[in-house]
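All remarks here apply to the structure that follows.
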Amino acid sequence: MGRHHVSPVTVQRAIRALVAEGLVDSVPGRGSFVSQPAAPPAAPDLSWQTVALGDQPRGEEALPELLAVPRAEAIPLSSGYLDAALQPVGPLGAALARAARNPASWERGPVEGRDGLRTWFAAEAGGALRTGDMVVCPGGQPALTTAFRALAKPGDPVLVEAPTYLGAIAAARHAGLRVVPVPADADGVRPDLLLAALRRTGARLFYSQPLYANPHGAVLSAERRPLVLDAVREAGAFLLEDDWARDLTMDPNPPRPLAADDVDGHVVYLRSLTKSAAPGLRVAAVGARGVAGARLRTARVLDDFFVAGPLQDAALDFVTSPAWHRHRRKLQGALRERRDALLGSLRRRLPEVEPAMVPEGGLHLWARLPDGVDDAALTAAAAAHSVIVFPGRPWYAAESPAAHLRLTFGAASPEVLDEGVRRLAEALATLT
């Protein structure tokens with residue numbers, strides 16, 4: 001203690017840590033002694049697992065890569081979540097503290113979710129759904145998994161837009177479904193090709209993002225909305241509407257959900273709070289009318305019974321408070337500023353990387369790369385320059401027609417975005 005000028009308490013803590021690591025033996029009444037080094041254990045043989053597990057399902061490795069936390073020095077030009085500066089952590093923390101102090105929050109509650117929260121999600125769908133139609137889920141990804149498992153059987157085809165959210169592709173394949181792409185453009189999915197795919201495959205489920213589709217940002221046009229609903233209705237199919245970006249719009253009057261125009265229960269509605277608030281707010285809901293709704297609720301219970309009560313109560317407290325409306329208004333301006341900053345940086349530093357469109361919401365730009373540039377190679381080169389991007393290939397359920405990157409404008413400040421584009425330009429220069 002005298003040599004190192006530390007207190008007895010510090011010494012005791014250090015000894016406890018060494019004992020926990022097996023480096024020191026502490027004998028009461030005698031003292032502490034250096035442990036005898038044990039012989040290193042033989043390296044385990046885990047090769048048997050390759051035979052036991054068999055082939056890995058195709059495409060599942062992309063989702064963990066997308067969700068990996070970047071190094072502290074790396075600039076994220078690809079992320080599915082808001083920059084920490086845009087997350088309403090103050091109001092969320094206050095809401096969670098209130099919920100934690102309420103003894104009723106810790107009770108079991110309905111397995112479908114708290115009634116108040118289900119009512120809020122149902123109203124957000126545009127009025128066609130009711131409280132009893134909804135089931136609360138621990139995030140949008142579990143809600144997707146529930147919907148695919150409840151509405152289709154292994155081996156069934158499921159239609160998706162091309163490109164589309166890679167997490168939906170992975171979840172559908174994990175459920176044993178056969179994923180069939182339907183081309184989309186700046187006006188959303190092509191209704192003529194959707195109808196042809198429904199007829200050819202006999203699919204009874206179509207996964208769609210009508211508002212600011214991830215990754216390309218397209219909005220299903222007003223002209224195509226009734227045509228898409230007609231195609232699904234004619235086929236006797238379900239349309240799984242992933243309304244992930246409802247709260248990430250720069251347009252004060254975005255198109256209402258497709259579920260609001262659904263008469264006969266063909267649209268299954270999914271909405272999450274995670275993307276629009278904070279990654280830790282793992283609260284979402286999925287809902288449908290009739291037997292489909294009952295199957296969703298049953299499938300959800302089989303997964304994990306119910307979402308934690310304090311988290312549900314905190315979410316309801318937050319979205320029904322003035323803080324929620326202030327947060328959404330703040331996001332409108334902040335996302336527009338950052339989108340424009342990323343577009344400006346690309347024009348100045350990387351004019352050869354061309355965004356497919358300028359979205360009025362969401363978090364991402366879908367940027368086409370110059371001919372001859374491999375998106376996976378550029379992703380690796382960018383990582384070497386401490387900027388994180390994500391290749392376009394995994395967002396297609398089949399072949400990619402061209403090389404793209406998904407670039408995120410919602411996860412960093414304008415200054416950081418500009419530095420990220422500068423580093424990306426340096427990485428591209430190493431390839432070209």
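Side chains are part of it too, since the values below use all heavy atoms of this structure and drop only hydrogens, waters and symmetry mates.
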Query raised in the report: Should the heavy atoms of other residues, nucleotides or ligands under 6.0 Å from CD of Q49 be counted, would the total exceed 12?
Result: yes
Query raised in the report: Do the non-hydrogen side-chain atoms of T408 and P76 ever get within less than 4.5 Å of each other?
Result: no
Query - Student check: side-chain heavy atoms of L369 and V353 closer than 4.5 Å - result: yes
Query raised in the report: Can F148 and D156 be said to form a side chain to side chain contact (heavy atoms under 4.5 Å, CB included), step by step?
Result: CA-CA 10 Å; F148 285 133; D156 284 354; over 6 Å; no
Query raised in the report: Under the 3.5 angstrom rule, does the side chain of H266 hit a backbone N or O of A237 as a donor-acceptor pair?
Result: yes
Requested in this report: Could you check if a side-chain atom of E223 sits within less than 4.5 angstrom of a side-chain atom of D187, using non-hydrogen atoms only?
Outcome: no
Query raised in the report: Judged by atom type as modelled, is there a donor-acceptor pair below 3.5 Å linking the side chain of Q312 to the main-chain atoms of V307?
Result: yes
Query raised in the report: Which of parallel (below 30°), tilted (30 to 60°) and perpendicular (above 60°) describes W366 and H404?
Result: parallel
Query raised in the report: Which heavy-atom pair separates D375 from L405 by the least distance, and what is that distance?
Result: O-CD2, 4.2 Å
Query raised in the report: What pairs meet the salt bridge (charged side-chain N to carboxylate O under 4.0 Å, His left out) rule with one or both residues in residues 198-219, with sequence neighbours excluded?
Result: R199-E234
Report task. Return the minimal non-hydrogen interatomic distance between V268 and F238, and the atom names on each side. Result -> CG2-CD2, 4.0 Å
Report summary line: To the nearest 0.5 Å, atom CD1 of I388 lies from atom OG of S78 at 8.5 Å
Requested in this report: Output yes when a side-chain donor or acceptor of R289 lies under 3.5 Å from a complementary backbone atom of V263, and no otherwise.
Outcome: yes
Query raised in the report: Is R336 reaching over with its side chain to a backbone N or O of M250, donor-acceptor style, under 3.5 angstrom?
Result: yes
Requested in this report: Answer yes or no: is there a side-chain heavy-atom contact under 4.5 Å between L431 and D374?
Outcome: no
Requested in this report: Using the six-membered ring wherever Trp is involved, compare the ring planes of H364 and W244 and label them parallel, tilted or perpendicular (cut-offs 30° and 60°).
Outcome: parallel
**Report entry** Lys/Arg-Asp/Glu bridge criterion (N-O < 4.0 Å) met for E241, R271
**Finding:** no
Query raised in the report: Under 6.0 Å from the CD atom of Q87, do we count more than 12 heavy atoms belonging to anything else shown?
Result: yes
Query raised in the report: Is the backbone of L281 close enough, under 3.5 Å, to the side chain of T274 for a donor and an acceptor to pair up by distance?
Result: yes
Query raised in the report: For T146 and L296, which heavy atoms make the closest approach, and how far apart are they?
Result: CG2-O, 3.6 Å
Query raised in the report: Does any N or O in the side chain of Q141 come within less than 3.5 Å of the main-chain N or O of G167, such that one atom is a donor and the other an acceptor?
Result: yes
Query raised in the report: Which atom names give the shortest non-hydrogen contact between A162 and P181, and what distance separates them?
Result: CB-CB, 3.8 Å
Query - Partner residues of R233 under the side chain to side chain donor-acceptor pair (under 3.5 Å) criterion, sequence neighbours left out - result: D230
Report summary line: To the nearest 0.5 Å, atom CD of E161 lies from atom NE2 of H216 at 5.5 Å
Query raised in the report: When you look at CZ of R295, are more than 12 heavy atoms from neighbouring residues, nucleotides or ligands closer to it than 6.0 Å?
Result: no
Report task. Mind checking the CG-CD spacing from L129 to E124? Nearest 0.5 Å is all I need. Result -> 12.0 Å
Query raised in the report: Is the W120 ring parallel, tilted or perpendicular to the W324 ring (thresholds 30°, 60°)?
Result: perpendicular
Requested in this report: Please tell me if the side chains of L365 and P359 come closer than 4.5 Å, counting only heavy atoms from C-beta onward.
Outcome: yes
Query raised in the report: Which atoms form the tightest heavy-atom contact between G410 and L86, and what is the distance?
Result: O-CD1, 4.0 Å
Query raised in the report: Do the side chain of R118 and the main chain of T131 share a donor and acceptor less than 3.5 angstrom apart?
Result: yes
Requested in this report: Determine whether L335 and L363 make a side-chain contact, defined as any pair of heavy atoms from C-beta on separated by less than 4.5 Å.
Outcome: yes
Query raised in the report: Is there a donor-acceptor contact under 3.5 Å from the side chain of R406 to the main chain of F390?
Result: no
Report task. Mind running side chain to side chain contact (heavy atoms under 4.5 Å, CB included) on H327 and D247 for me, showing each step along the way? Result -> CA-CA 9 Å; H327 171 61; D247 307 311; over 6 Å; no
Report task. Please report the C-alpha distance between R423 and V389 in whole Å, then the side-chain angles of each, then the deciding distance to 0.1 Å, and finally whether the side chain to side chain contact (heavy atoms under 4.5 Å, CB included) criterion is met. Result -> CA-CA 11 Å; R423 297 182 187 182; V389 296; over 6 Å; no
Query raised in the report: Does R114 use its side chain to pair, donor to acceptor, with the backbone of S105 at less than 3.5 Å?
Result: yes
Query raised in the report: Between W106 and A100, is there a donor-acceptor pair closer than 3.5 Å when you use the side chain of the first and the backbone of the second?
Result: yes
Requested in this report: Check whether any side-chain heavy atom of R329 sits under 4.5 Å from a side-chain heavy atom of H325, and report yes or no.
Outcome: yes
Query raised in the report: Given the rule in the side chain to side chain contact (heavy atoms under 4.5 Å, CB included) test, do T145 and H174 qualify, once you have shown the distances and angles that lead to the verdict?
Result: CA-CA 8 Å; T145 301; H174 188 73; 5.5 Å; no
Query - Least distance between heavy atoms, R224 atom then D185 atom - result: NH1-OD1, 2.8 Å
Query raised in the report: At what distance, to the nearest 0.5 angstrom, does CG of L211 lie from CZ of R246?
Result: 5.0 Å
Query raised in the report: Out of curiosity, L193 CG to L198 CG, how far, rounded to the nearest 0.5 Å?
Result: 11.0 Å
Report task. Any pair with a residue in residues 126-152 that passes salt bridge (charged side-chain N to carboxylate O under 4.0 Å, His left out), sequence neighbours left out, goes on the list, sorted by first then second residue, please. Result -> R149-D303
Query raised in the report: Once you round to the nearest 0.5 Å, how far does CG of D317 lie from CG of D313?
Result: 8.5 Å
Report task. For the residue pair N253 and D251, establish whether any side-chain heavy-atom pair is separated by less than 4.5 Å. Result -> yes
